[in-house]
Amino acid sequence: MAYETLIVEVENHVALIRLNRPDALNALNTQLLGELADALKSTEENDKVRCVVITGSEKAFAAGADIKEMAEKTFVEVFMSNLFGRETEQFLKCRKPIIAAVSGYALGGGCELAMMCDFIIASDTAKFGQPEINLGVVAGIGGSQRLTRFVGKSKAMDMNLTGRFMDAKEAERSGLVSRVVPAKKLLEEALSAAQKIAEKSMLTTAVVKEAVNRSYETTLSEGLLFERRLFHSLFASEDQKEGMAAFLEKREPQFRDK
Ligand code: CO8
């Protein structure tokens with residue numbers, strides 16, 4: 001399907017979704033977030049897609065929610081339309097792994113969008129921030145919640161209260177991003193990581209997502225029990241038999257997602 005604010009390509013079982021509003025530094029408006037939710041739903045339903053990469057341009061992953069679109073809205077309008085609620089929920093429904101490949105600005109909703117992905121690969125030019133305080137608002141899709149879990153209270157308070165930007169090195173040091181690569185190599189690195197994931201059993205990648213995400217929602221002992229039960233349950237799969245047999249026979253596994 002053709003979109004106005006996104007470019008979507010599928011190659012080698014990886015869907016690459018590029019945010020494409022260059023004139024507004026990929027600011028997230030209702031149309032873009034709606035199209036993104038739709039594109040994610042399509043990739044979820046497309047058997048050819050096994051992993052997703054979301055990226056922006058070299059200058060901006062996304063410079064936040066679209067301020068022009070939001071500026072004149074009233075409380076009743078944003079509350080009753082559940083602004084960005086429905087669109088962001090699509091992320092949580094995705095069982096396929098999603099990588100954010102971030103270059104340039106990832107601010108406000110842009111930083112939050114990256115954090116909704118399963119992990120973030122950043123270019124050395126990336127700048128993360130929650131500058132909503134400068135607009136008289138607070139983060140609205142995870143900047144006070146997910147960011148705190150990523151980088152801890154002190155840094156999350158610093159970012160949300162001062163509105164300062166964090167560069168790629170600091171983001172890596174703080175655990176916000178998994179790796180930093182030169183800007184020119186960003187897409188290559190993200191696609192290669194996605195390709196590696198696409199070669200695994202999709203049954204197992206979905207289980208890994210459930211296990212890691214559960215750690216945010218539960219106690220350590222409950223999380224460990226959940227993980228152990230997932231581990232046990234995978235012994236009912238053909239892919240566990242195949243993975244272990246392939247190791248013992250010193251060959252590559254042929255997973256069948258069963
Ligand atoms: N919204 C709309 N337009 C934007 C945005 C934005 N967030 N960011 C940049 N643009 C536009 C600019 O208006 C400009 O357009 P024009 O040429 O028509 O004036 C164009 O993009 C280029 O921007 P600049 O000229 O400003 O480029 P610079 O290189 O000088 O600066 C910056 C780049 C530093 C990124 C700067 O553009 C900036 O500070 N942008 C705003 C960043 C920001 O405050 N983001 C947070 C927005 S609020 C938010 O994300 C809340 C999310 C939660 C909502 C949840 C609801 C439930």
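Ligands are counted one by one from 1 in listed order, and the atoms in each one are counted from 1 as well. Predicted, not measured: the structure shown is a model, and the values here were computed from it.
Donor-acceptor pairing under 3.5 Å is recorded for the side chains of Y3 and D38. Between the side chains of Q254 and E242, no donor-acceptor pair of N or O atoms lies under 3.5 Å. At a cut-off of 3.5 Å, with distance as the only test, no side-chain donor of T5 or Q31 sits close to an acceptor on the other residue. T30 and E69 share a side-chain donor-acceptor pair at under 3.5 Å.
Among the atoms of Y105, none of the N or O lies under 3.5 angstrom from an N or O of ligand 1. An N or O contact shorter than 3.5 Å links A65 to ligand 1 by distance.
Compare A63, G64, G109 by their heavy atoms: the one nearest to atom 42 (C) of ligand 1 is in A63. Among K68, K59, K127, M70, the residue whose heavy atom lies closest to atom 18 (O) of ligand 1 is K68.
Counting only heavy atoms of the protein, atom 1 (N) of ligand 1 lies nearest to I67 N, 2.9 Å. The shortest contact between atom 10 (N) of ligand 1 and any protein heavy atom is with A24 O, 3.8 Å. Remark: minimum distance from atom 57 (C) of ligand 1 to any protein heavy atom is reached at L83 O, 3.2 Å. Looking from atom 56 (C) of ligand 1 to the surrounding protein, the closest heavy atom is F84 CD1, 3.5 Å. Protein heavy atom in closest approach to atom 48 (S) of ligand 1: L135 CD1, 3.5 Å. The protein heavy atom nearest to atom 38 (C) of ligand 1 is L107 CD1, 4.8 Å. The nearest heavy-atom contact from the protein to atom 36 (C) of ligand 1 is L25 CD1, 4.7 Å. Of all protein heavy atoms, the one closest to atom 3 (N) of ligand 1 is A27 CB, 4.1 Å.
Relative ring orientation between Y105 and F165 is described as perpendicular, the plane-to-plane angle rising above 60° on a 0-90° scale split at 30° and 60°. Relative orientation of the F235 and F231 rings is perpendicular, given thresholds of 30° and 60° on the angle between their planes.
In this structure, atom 25 (O) of ligand 1 has no protein heavy-atom contact shorter than 4.0 Å. For atom 21 (O) of ligand 1, the protein comes within 4.0 Å by at least one heavy atom. Protein heavy atoms are absent from the space less than 4.0 angstrom from atom 30 (O) of ligand 1. Under the 4.0 Å distance rule, the nearest protein heavy atom to atom 33 (C) of ligand 1 falls inside the cut-off.
Remark: the backbone N or O of R179 is not paired with any side-chain donor or acceptor of E172 at under 3.5 angstrom. Between the N26 side chain and the F61 main chain, a donor and an acceptor come within less than 3.5 Å of each other.
Around the CZ atom of R95, the shell of radius 6.0 Å holds no more than 12 heavy atoms that belong to other residues, nucleotides or ligands.
Assignment of V78 to the shell around ligand 1 is not supported, since no heavy atom sits closer than 4.0 Å. Judged by the shortest distance from any of its heavy atoms, E112 lies inside the 4.0 Å radius around the atoms of ligand 1. A heavy-atom separation below 4.0 Å is not found between Q130 and ligand 1.
In this structure, A198 and V14 approach most closely via the heavy-atom pair CB-CG2, 4.4 Å.
V53 and M115 fall into different hydrophobic clusters, where Ile, Leu, Val, Met, Phe, Trp and Tyr side chains are chained together by heavy-atom contacts under 4.5 Å.
Between R21 and D66 there is a salt bridge, with a side-chain nitrogen of the basic residue lying less than 4.0 Å from a carboxylate oxygen of the acidic one.
Contacts between D23 and ligand 1, counted as non-hydrogen atom pairs separated by less than 4.0 Å, involve the backbone only.
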